[in-house]
Amino acid sequence: MITGVRPTGFLTIGNYLGAIKPLLESAEDGTAVFVADLHGLTDADPSTVAKYRLEVVRDYLALGVDSSRFYLYLQSAIGRETALCASYLSPLMSVAELLRVPTLKDKVKGGGPESANVALLNYPILMAADIFLQQASLVPVGEDQLAHLEVARVLATRFNRLYGHDGSRVLIEPKPLALKSLRILSLNGEGKMSKSNPAGAIFLTDSSAVVSKKIKSAVTALPGEMNPNLESLFLIGTLLSENDETRTKFEEFMTNHLAGEKVMGYFKNLLIEVVNRFLDLFQRERKLYSNEDILEILEEGKDKAREKARSVLSDMERAMGF
Ligand code: TRP
């Protein structure tokens, strides 16, 4: 298995509950966890990517991505191998096919071809290189990454058909592992929780005072009524609850709310308590990793990732007769 994360900002509890927690629950030992800093360059400036790439690793470690179960590395640490692999794959796909990938298609539809850079065109090919070089057969992904993964499957099939002598499979065709998609919504009622709408997002780095303020002004529903925003708050509370007793309290609040009682104030107080307890634990855990610790973990991960990458590259070159 392999999973990549783009280092373009601080993580929110939406990232944790929607992607990282389900990943931890489904990932097998030996999974590659890497920071896609080259992909980050698609739409963020290099210094921003450089600023966040170690922080994201620290976040992941603090959230339980254990370096004894997983190997962690920066994509750029095996950047030469990755770029070379992408070069070998590029001739196998047409521009027209890439233009059908939704991320690019939507961008072009909105602002014309001038608005999309070549990194965006190349994005799925680079992603395929990440996957092939680590010989991953299963990629846990959310809905938004399915089209990218399809490109990788097509590329593997084509490469094997073209260059796999006697039907040998040089590249593994990766399958998606659909993560149970949780929709954690923005607290102020504007779509999904996202770092681009900071007022409606709870960041893992938020202080307890900030969390309290954000939750107090969060959108809920009138007594007796339900809406997606309140459902999302309820989900946050139950998922972050440390024990059954707290979960039961959330359920009671919900029952009473649906029965028409005015309980939103109490509900929010409990939610603030639960979120802050989680964040406090996370923030303390985060401090336990020094920069040296992180660099050491990444160095170890790089060695393993590079060894695999080089072996796949030589297999590709041998098959291609290059
Ligand atoms: N595109 C992924 C995202 O934005 C990140 C990514 C890059 C990735 N390469 C990958 C994910 C390889 C899985 C496998 O979330």
Side-chain angles (χ1 to χ4, degrees), residues 1-12 14-24 26-28 30-44 48-49 52-53 56-57 59-60 63 65 70-79 81-86 89-90 98 101-107 116-117 119-156 171-179 181-182 184 192-196 301-302 305 308-309 312:
M1 280 195 194
I2 188 169
T3 181
V5 52
R6 289 194 307 137
T8 49
F10 286 116
L11 299 175
T12 69
N15 296 128
Y16 171 65
L17 295 174
I20 302 169
K21 192 166 179 277
L23 172 77
L24 283 169
S26 59
E28 40 193 45
T31 292
V33 178
F34 76 100
V35 179
D37 49 355
L38 300 177
H39 279 105
L41 298 177
T42 311
D43 56 6
T48 306
V49 174
Y52 285 116
R53 63 186 165 193
V56 168
V57 175
D59 287 343
Y60 267 60
L63 290 171
V65 177
F70 307 110
Y71 61 106
L72 291 96
Y73 60 97
L74 300 182
Q75 187 184 27
S76 58
I78 57 161
E81 288 81 1
T82 308
L84 193 55
C85 181
L89 299 171
S90 302
L98 289 173
V101 173
T103 6
L104 183 61
K105 193 174 155 189
D106 294 348
K107 184 95 182 173
N117 60 28
L120 194 60
L121 182 74
N122 241 337
Y123 191 106
I125 297 189
L126 194 62
M127 182 160 159
D130 299 328
I131 299 169
F132 298 155
L133 290 181
Q134 299 309 309
Q135 296 178 296
S137 53
L138 210 53
V139 189
V141 285
E143 192 90 17
D144 61 323
Q145 297 297 316
L146 284 176
H148 292 149
L149 206 62
E150 189 48 32
V151 170
R153 288 177 62 78
V154 168
L155 285 170
L171 301 178
I172 299 172
E173 288 154 32
K175 286 196 190 64
L177 173 71
L179 294 176
S181 73
L182 289 177
I184 303 295
K192 246 176 91 169
M193 185 180 287
S194 146
K195 54 180 176 263
S196 56
K302 177 187 82 177
K308 284 198 178 215
V312 173

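Remember, it's 1-based here, ligands and their atoms both numbered in the order they're listed. Along the sequence shown, residues carry numbers from 1. Since we're looking at a predicted model, the values are computed, not measured.
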Quick one: ligand 1 N/O to protein N/O pairs below 3.5 Å?
from, atom 1, to, atom 2, distance (Å)
ligand 1, 1 (N), Y123, OH, 2.7
ligand 1, 1 (N), Q145, OE1, 2.8
ligand 1, 4 (O), R6, NE, 3.4
ligand 1, 4 (O), Y123, OH, 3.1
ligand 1, 4 (O), Q145, NE2, 3.4
ligand 1, 9 (N), D130, OD2, 2.7

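- Of the possible polar contacts, one joining the N117 side chain to the T42 backbone as a donor-acceptor pair under 3.5 Å is found.
- Between the side chain of D37 and the main chain of G40, no donor-acceptor pair closer than 3.5 Å is present.
- Contact check for L126 versus Q75: side-chain heavy atoms found under the 4.5 Å cut-off.
- Qualifying side chain to side chain contact (heavy atoms under 4.5 Å, CB included) partners for Y71, counting only residues two or more places apart in sequence or in other chains: A32, Y73, Q134, K304, A305, K308.
- Scored by the side chain to side chain contact (heavy atoms under 4.5 Å, CB included) test, A27 finds M1, L23, T31, F70 as partners (sequence neighbours excluded).
- Within the structure, the ring pair (Phe, Tyr, Trp, His ring centres under 6.0 Å) test picks out the following pairs touching residues 122-145 (sequence neighbours left out): H39-Y123, Y123-H148.
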